[in-house]
Amino acid sequence: MRDYHGIIFAYHDEPALRELVAVRTAASLPFCGRYRLIDFALSSLRNAGILNVGVIMQRDYQSLLDHIGSGKPWDMSRAKGGLKMLPPFGVPQYHTGNYNGTVEALNAVGSYVRSIPQENIILMLGNLCANLDLRAAIQQHEKSGAEATAICADHELETSHNRYILDKDGMVQQIALYRTGNDHEGVPTLEGYIFKKDVLLKLLDDCQAKNLHRFHQDAMTLFLTRGGRMGVYIHPGYAKIVRSVDEYYDASKDMLNPEIRRQLFPADRPVRTKEHEGVSTYYGEHAVARNSLVADNCIIEGEVENCTIFSGVKIGAGAKLKNCIVMRGTVIGEGVQLTNVIVDKDCVFSDGTVLTGSEKLPMLVPKWTKI
Amino acid sequence: MKKSCIAMLLAGGQGSRLYALTQSVAKPSVPFGGKYRIIDFPLSNCANSGIDTVGVLTQYKPLQLNSYIGTGQPWDLDVSDGGVYILPPYLGAHEQGSWFTGTANAIYQNIAFIENYDPENVLILSGDHIYKMDYAKMLKEHIEKGAAATIAVLQVSMEEATRFGIMNLGEDGYVCQFEEKPKQPKSDLASMGIYIFNWKKLRKYLIEDEADPKSSKDFGKNIIPNMLNNGEKLWPYRFDGYWRDVGTITSLWDANMDMLSTTLINLYDPSWPIGSRSPVCPPTFAGEKSEIIHSIVTEGCDINGHVENSVLSPSVVVGEGAKVVYSVLMPGAVVEPGAVVEYAIIGENCHIGKNAHVGTAPDGSEGWGVATCGPDVAIRDGAKVPAGAMIYNGEEV
């Protein structure tokens, strides 16, 4: 996989994630007790032997920098190449405001993209929750001889996605923008792409000349109308793009399903993440843990059911948590009752606090909240 | 590069009293306390004490230990002007050199390594103790007392004193006599096997001891008595924290059970982190029917049965209706549905078949003991493993 270079888009702040992205981007959202969403993209690349990777970020990237560090957990801290964090640079116009689209994001770090020595570029979303077998995708891409390959889901996705309509040979005929797939036309894209570098660079140049910024609406439409040859790789197994609190809460619930965990965390393609030093979790005399994921470094004296408990959480005696996500370092006092609540990092709940959200609208408790 | 103090960690012991658990690995790499291996404790103590250069002396089944220590990164010992080094025995020109013949000989054979750092002092540690200790405090006392050697000591009961190396002190507070396992102890200060030596002095004694054909090349038996006989100043450094030797099955099981009590040793204290190299696995899943009571459980486990008063390493599986009580389960152990594991140590990647029964609760009988399965042992469905049993890999049970 020496000929492939990865680029991960980690700049999206996805307003529908509300307070969860007040201090971070969607890609650095804590997930499944010990991971960040971007771990899936980084690990998918790593497990395919792709160690030269750029991560495009724009704002609120402190937590992302802190998490990724030198890239060591993914073996991307290299003497040659390796992991590069790409904030906006060189082009003053990009230093403020949001990127208007993925094409603009790529052009904002254009000098980096244009100096990539590898012949092929893989584009990945930082907030895609899926363990992609990129070796298989690349194999199919190379065999097809196409200029590009889109990575797509093998099942219908619940929310609107961009979809590709295929011809009888399985090549992409046209793009269908933002469809729910209710009419079952085409396949939903997971927004991962394998490109021949020169094809991608030409597309970026053309978009820049026409002042076009969006990836699917502009670049892919242009590519396909010009007769660009693109295949699809269907990812078998779990996949979810996390863009809203609902999707985050649903995806977190999905992790309680053993079959989905098997698909996301196979032994031969492990999901790697930053290692937190720590201790095993202690369960007290009256602790109850049912249908829950519990990370290390916790002290559980109370009851948790259908919960995801991140590292370093303390749950006091008599506390009852149901359908909750509790992120790292939060302290929950004695007798606290939480139902359908997402608790961000480093919160404190004093004894006896009661909070209830609804299953359809979980309550969000922002980072550093003290109750 | 001149260092004030470097550490030499004796990790070459065979660990023969751990039987099946050290059949294929060196004692320091035996899993301990859920997330750890025994060697994590001295390595973390070094890093936390500001000692950034550690030589690890290995010779017995070192493969797993070598890969475990790696670059030393989990303990922040991957530094450019020091770091952690694996020091196996080696042959020089004309086949000079040999296996380490004793603790003192192991250090003697690595004089060249130590000289690289030109240290004032050398800290000697062993790889089979569980404790948290600030070696910097000990070093400070060593320097203040102008000692040739400082020996960490622990106050024990007079009955226990017969099992330890005992330090008798003179009126000035310095050590005046050292007795190995005395029948009638004169003091209750037991050596913890942790020494700081003035390097120049130690070097001289090592060279002299090596030339003595009658010596057993051991710190406790030879070096320390020789120093005392020559009137060197030996200072006892008193330690009053938690310290356990985990050289036997019973002591290993006991110390694991101690981890369930934060009043004995608090591993959750962020000011003295114990580092470890652990595989990244998803958080532990506690299923609908799981019961986890007064236990420690590490990431990657899948618990669907009853776990009580037990210590579980990463990636342990406890099936539905299975019962794990007063037991230590090492990484990757699988307990199938309906099986019972009580008062047992289950080695890495063991497989306990359905409805099998390993170990029993103490019944006061003389032959009772903790049941032990070595790494990779498979216990057949419905089989019974009695209390005190020692099952080796390859045995049919």
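In this text, all values refer to a predicted model and were calculated from it rather than measured experimentally. A, B, ... follow the sequence lines: proteins, then strands. Residue 1 opens every chain. In what follows, every heavy atom counts, from backbone to side chain, and hydrogens, waters and symmetry copies are set aside.
The environment of Y326(B) atom OH is sparse: at most 12 non-hydrogen atoms of other residues, nucleotides or ligands sit within 6.0 angstrom. For W368(A), the CH2 atom is loosely surrounded, since the number of other residues' heavy atoms within 6.0 Å does not exceed 12. Annotation: K80(A), atom NZ; neighbour count of heavy atoms from other residues, nucleotides and ligands within 6.0 Å does not exceed 12. Dense packing is recorded around NZ of K253(A), with more than 12 heavy atoms of other residues, nucleotides or ligands lying under 6.0 Å away. Applying the 6.0 Å contact sphere to NZ of K274(A) captures more than 12 heavy atoms from other residues, nucleotides or ligands. Annotation for K367(A): atom NZ counts as buried by contact number, over 12 foreign heavy atoms lying within 6.0 Å. More than 12 heavy atoms of other residues, nucleotides or ligands sit less than 6.0 Å from atom CG of L65(A).
Both the backbone and the side chain of E288(B) come within contact range of chain A, judged by heavy atoms closer than 4.5 Å. With a threshold of 4.5 angstrom between heavy atoms, S278(B) approaches chain A through its backbone and through its side chain. Proximity to chain A is absent for every atom of E308(B), based on heavy atoms less than 4.5 angstrom apart. Only the side chain of Y35(A) comes within less than 4.5 Å of a heavy atom of chain B; its backbone N, CA, C and O stay farther away. At a 4.5 Å heavy-atom cutoff, C301(B) makes no contact with chain A through either its backbone or its side chain.
Between chain A and the residues S276(B), S313(B), S295(B), the largest count of heavy-atom pairs under 4.5 Å involves S295(B). Among the candidates A295(A), A287(A), S292(A), the residue making the largest number of heavy-atom pairs closer than 4.5 Å to chain B is S292(A). For the set G287(B), G34(B), G300(B), the count of heavy-atom pairs under 4.5 angstrom toward chain A peaks at G287(B). Among P74(B), P273(B), P282(B), P279(B), the residue making the largest number of heavy-atom pairs under 4.5 Å with chain A is P282(B). Residue with the most contacts toward chain B among V304(A), N297(A), I299(A), V288(A): I299(A) (heavy-atom pairs, distance under 4.5 Å).
Annotation: side chain of F285(B) is not in contact with side chain of V294(A) (no heavy-atom distance under 4.5 Å). Side-chain contact between V297(B) and Y282(A) is absent, with no heavy-atom pair separated by less than 4.5 Å. Between V279(A) and K35(B), the closest side-chain pair of non-hydrogen atoms is not below 4.5 Å. By the 4.5 Å heavy-atom criterion applied to side chains, T284(B) and L293(A) are not counted as neighbours. Between E275(A) and R277(B), the closest side-chain pair of non-hydrogen atoms is not below 4.5 Å.
What you find for V271(A) and V280(B) is that their closest heavy atoms are O-CG1, 3.4 Å. In terms of heavy atoms, G33(A) sits closest to P283(B) at CA-CG, 3.7 Å.
Summarising the geometry, atom NE2 belonging to H294(B) is positioned 11.0 Å from atom NE2 belonging to H286(A); distances are rounded to the nearest 0.5 Å. Interatomic distance, CZ of R261(A) versus CG of D302(B), reported as 6.0 Å (0.5 Å rounding). For the atom pair R290(A) CZ and K289(B) NZ, the distance stands at 10.5 Å (nearest 0.5 Å). Distance CG/L260(B) to CD/E285(A): 9.5 Å, rounded to 0.5 Å.
The closest donor-acceptor contact from the side chain of S280(A) to the backbone of I296(B) lies at 3.5 Å or more, if one exists at all. No donor-acceptor pair closer than 3.5 Å links the side chain of D296(A) to the backbone N or O of T298(B).
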